[in-house]
Amino acid sequence: MAVIINDKTKILVQGMTGNQGQFHTGQMLAYGSKIIGGISPGKGGQSVQGVPVYDSLEQAMQAEPADASVIFIPARFVKESALEAMEAGIKTLVIITEHVPLHDALDLMAYAEKKGVQIVGPNTYGLISPGQCKIGIMPNRIFLPGSVGIVARSGTLSYEIVFQLTQAGIGQSSVVGLGGDRVVGLSFIDVLQKFEADPETEAVVLVGEIGGNAEEEAAQYIKSMKKPVVAFLAGKSAPPGKRMGHAGAIIERGKGTFASKAEALTAAGVKVASLPWEVSDLIKAAL
Amino acid sequence: MKMFEYMGKEVFAQFGLPVPKGRMVKSPDEAAQVAAEIGGPVVIKSQVLSGKRGKAGGIKFADNPEGAKAAAEELLGMTIQGLPVEILLVEEKLLIDKELYLSITIDGAAKKPVLIASAHGGMEIEEVAEEYMIKKHIEVELGMQDFIARDVVRRMGISFNSPHSQALVKLMNTLYKIFTEKDAELVEINPLVLSGDKVIAADAKVTIDDEALYRQPDLPRVEERTATEKAAHDLGLAFVELDGDIGVMANGAGITMGTLDTLTYYGGKPANFLDAGGGTGEEGTAKALELILARKPKSIIINIFGGITRCDDVARAFASVKKKMGMPVPVVIRLVGTNQEAGRAILKEVGIEAYDFMQDAAKKAVELANQKSEVGGQRSEGRGRKAEARGQRSERF
């Protein structure tokens with residue numbers, strides 16, 4: 001089972017012949033992901049790591065229909081590439097690229113809703129169902145198949161949490177990176193709903209950070225969940241008014257603070273960690 | 001990118017959205033000149049990228065050019081929330097019948113633009129009671145439509161028979177056009193003034209999406225960052241100056257925040273936030289270390305969890321910088337993830353054993369920062385031995 005992707009998911013890579021595209025195609029194949037083609041206009045007929053490259057997504061879909069596509073394309077061309085994928089019938093679209101203009105993201109999300117496409121990202125490391133399938137750029141070796149679902153805004157921070165869990169012998173059912181931008185596809189609530197419904201997932205870790213109110217909104221939904229949820233929130237020590245890397249990671253006008261998020265989550269019955277390594281103990285206690 | 005009020009109003013004017021008569025000035029003499037051109041009472045407004053400038057005394061009124069000059073002299077010496085006042089906007093003083101609020105921004109949760117309006121403008125929007133706020137999401141495929149704007153006008157309690165209603169509908173259309181065509185994150189008018197039968201934008205707050213600036217060549221550029229923060233940004237690094245003594249470099253905003261939290265937990269004080277991002281080559285790493293060293297930290301922690309970033313790239317860059325420039329303060333490195341073995345081997349060659357766990361590395365960095373500086377010369381030796389002992393933990397991986 002797991003959520004969104006599994007060992008049957010067939011994947012296309014947009015921008016496969018680029019530096020990142022080539023490297024991560026290799027890494028995904030090494031993990032066992034079923035990559036059936038790549039797209040690079042003008043490079044059709046070539047191959048990367050033994051996988052055929054096509055000139056267009058439609059051509060690739062005619063050769064063999066895919067379930068998902070992952071985008072390694074420079075930011076200013078992401079909108080066009082994503083529309084191409086949605087038009088060709090891709091239903092799960094993972095946008096790794098960062099620095100995508102907000103108005104492009106707004107247009108994409110509106111179109112995705114109309115077409116019934118789930119978008120992960122932009123500015124995400126992707127998602128993985130350990131032991132089955134990886135679509136993204138995370139290091140292969142840190143994951144361990146198991147029953148804890150993880151949903152996060154931040155990439156490397158998720159690796160940190162996964163690393164600490166794996167070291168403690170706690171495996172993961174699926175790990176989903178929502179992306180660090182202000183406008184992204186799947187939300188905390190979307191993924192929490194999938195974990196709640198997934199028989200393989202027994203507990204969930206939500207990895208959040210200061211800024212915005214996504215964690216507060218997630219807390220509202222968590223109240224109705226049966227499965228235990230543990231949260232880690234980054235940015236407890238961040239000064240107000242400073243943008244901490246991510247577009248959304250800023251405490252503005254007293255909103256989006258660690259305290260307000262911790263309070264909302266605690267009220268929803270979530271155990272909140274303020275240091276990454278506290279998560280494994282909280283999960284152990286919850287399982 | 002936040003724009004100054006006068007820049008926002010220039011954009012408004014280009015799109016035909018009504019703004020008061022006036023101009024930006026940089027000296028008291030210019031202020032007097034503009035006041036003379038306007039010929040009547042004027043308002044002199046400090047141009048700073050901070051709210052609450054009215055309360056801070058950053059807005060003054062004058063009845064004639066001499067008064068405008070005197071007001072400008074006072075304002076140009078001021079600082080508002082730490083920001084020096086260097087630019088003023090001199091405008092006609094409006095006769096205000098009513099103040100409204102209007103803005104369009106992006107609702108990240110709804111993934112849609114949202115128009116926010118209120119008949120209670122003029123004050124900080126956070127102070128307006130929820131029941132007086134009108135929020136309307138806009139479908140990007142539809143864009144702004146007259147029926148949406150008309151309904152907002154109705155909900156503000158403004159009669160369709162008043163001279164203002166048509167002007168407001170037109171203004172909302174224009175504002176949405178500016179929002180989309182200029183890649184804005186926020187366009188805000190507070191207050192939007194009803195004056196006689198006119199509707200005028202008495203203020204303008206416009207923020208442009210940084211990621212879309214490449215396709216907005218006509219917009220002026222505003223630099224909000226400090227010189228160091230700008231240097232970092234140009235290299236693709238996110239850098240924020242903090243006031244502690246431990247230099248920090250990590251890859252990814254979340255883990256960088258987590259590193260700051262961890263240092264703070266162990267009683268340390270971070271000197272900076274530096275997210276080296278997805279892939280920083282040798283030049284970027286060298287520059288990052290230079291930025292960190294410029295803050296004169298007592299120790300440095302490098303926390304790398306390689307995903308798209310490859311550990312060997314970081315290690316190679318660090319080793320090269322260390323060989324070329326030397327390292328005046330002790331550096332603690334945590335290195336795991338993509339190509340971790342290769343990376344660790346490279347670090348070993350320059351005498352550094354990488355840590356597996358960030359908590360161990362953070363604890364060490366705090367310890368080193370809190371040591372007395374006299375023993376500085378001995379530190380790197382001591383670190384090597386201790387790190388070697390911890391190095392055994394790699395076996396578990």
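Since the structure is predicted, the reported quantities are computational estimates derived from the model, not experimental observations. Hydrogens, waters and symmetry mates play no part in the numbers below; they use all other heavy atoms, side chains included. The chains referred to below are lettered A, B, ... by the order of the sequence lines, with proteins before strands, and numbering in each begins at 1.
- In this structure, CG on A:L275 lies 6.0 Å from OH on B:Y265, to the nearest 0.5 angstrom.
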Report task. Could you go through the salt bridge (Lys or Arg N to Asp or Glu O under 4.0 Å) check for A:R182 and B:E185 one step at a time? Result -> CA-CA 10 Å; A:R182 259 182 83 183; B:E185 283 186 55; 2.6 Å; yes
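- For a residue to count as touching a neighbouring chain, one of its non-hydrogen atoms must lie under 4.5 Å from one of that chain's; by this rule B:F239 does not touch chain A.
- Among B:N303, B:D243, B:T259, B:D183, the residue making the largest number of heavy-atom pairs under 4.5 Å with chain A is B:D183.
- Using modelled atom types, one finds no donor on one side chain facing an acceptor on the other under 3.5 Å when comparing A:E278 with B:Q359.
- A:H103 places a side-chain N or O within 3.5 Å of a backbone atom of B:F179 that can act as its donor or acceptor partner.
- Geometric assessment of B:R334 against the ring of A:F163 yields a positive cation-pi assignment under the 6.0 Å and 45° thresholds.
- Rounded to the nearest 0.5 angstrom, B:F305 CZ and A:L157 CG are separated by 10.5 Å.
- Both the backbone and the side chain of A:H99 come within less than 4.5 Å of a heavy atom in chain B.
- B:L213 does not touch chain A: none of its heavy atoms, backbone or side chain, sits under 4.5 Å away.
- The CG atom of A:L102 sits 11.0 Å away from the CD1 atom of B:I208 when rounded to the nearest 0.5 Å.
- Listed options A:G208, A:G185, A:S274 were ranked by heavy-atom pairs under 4.5 angstrom with chain B; first place goes to A:G185.
- Using a 4.5 Å cut-off between heavy atoms, A:I189 makes no contact with chain B at all.
- Under 3.5 Å, the side chains of B:D261 and A:S237 contain a donor-acceptor pair of N or O atoms.
- To the nearest 0.5 Å, atoms OH (A:Y159) and OG1 (B:T338) are separated by 7.5 Å.
- Considering all non-hydrogen atoms of both residues, B:G254 and A:E209 come closest at CA-OE1, 4.1 Å.
- Residues A:S154 and B:I255 form no side-chain contact, since every pair of their non-hydrogen atoms from C-beta on lies 4.5 Å or further apart.
- Residue contact with chain B, scored on non-hydrogen atoms closer than 4.5 Å, involves the backbone and the side chain of A:E160 alike.
- Distance alone, capped at 3.5 Å, places no donor-acceptor pair between the B:K111 side chain and the A:A110 backbone.
- For B:T264, the part lying under 4.5 angstrom from a heavy atom of chain A is the side chain only.
- If you measure heavy-atom distances from A:Y125 to chain B, you find no contacts under 4.5 Å at all.
- Enclosure of atom NZ in A:K236 is not indicated, since only 12 or fewer non-hydrogen atoms of other residues, nucleotides or ligands lie within 6.0 angstrom.
- How far CG of A:L106 is from CD1 of B:I106: 4.5 Å, rounded to the nearest 0.5 Å.
- With a threshold of 4.5 angstrom between heavy atoms, A:A75 does not approach chain B through any atom at all.
- Heavy-atom minimum distance, B:G258 versus A:A234: N-CB, 4.3 Å.
- Other residues, nucleotides and ligands contribute at most 12 non-hydrogen atoms within 6.0 Å of the CD atom of A:E80.
- Between A:P139 and B:G337, the shortest heavy-atom contact is CB-CA, 4.1 Å.
- When heavy atoms are compared at a cutoff of 4.5 Å, A:V184 approaches chain B solely by way of its backbone atoms N, CA, C and O.
- With a 4.5 Å cut-off on non-hydrogen atoms, B:E241 touches chain A through its backbone but not through its side chain.
- Comparing A:M109, A:E217, A:R76 by heavy-atom pairs within less than 4.5 Å of chain B, the highest count is held by A:R76.
- Distance check, rounded to the nearest 0.5 Å: CD of B:E211 to CG of A:D104 gives 11.0 Å.
- Contact count versus chain A (heavy atoms, under 4.5 Å) is highest, among B:A184, B:P113, B:A250, B:P270, for B:A184.
- Residue A:E113 places its CD atom among 12 or fewer non-hydrogen atoms of other residues, nucleotides or ligands, all under 6.0 Å distant.
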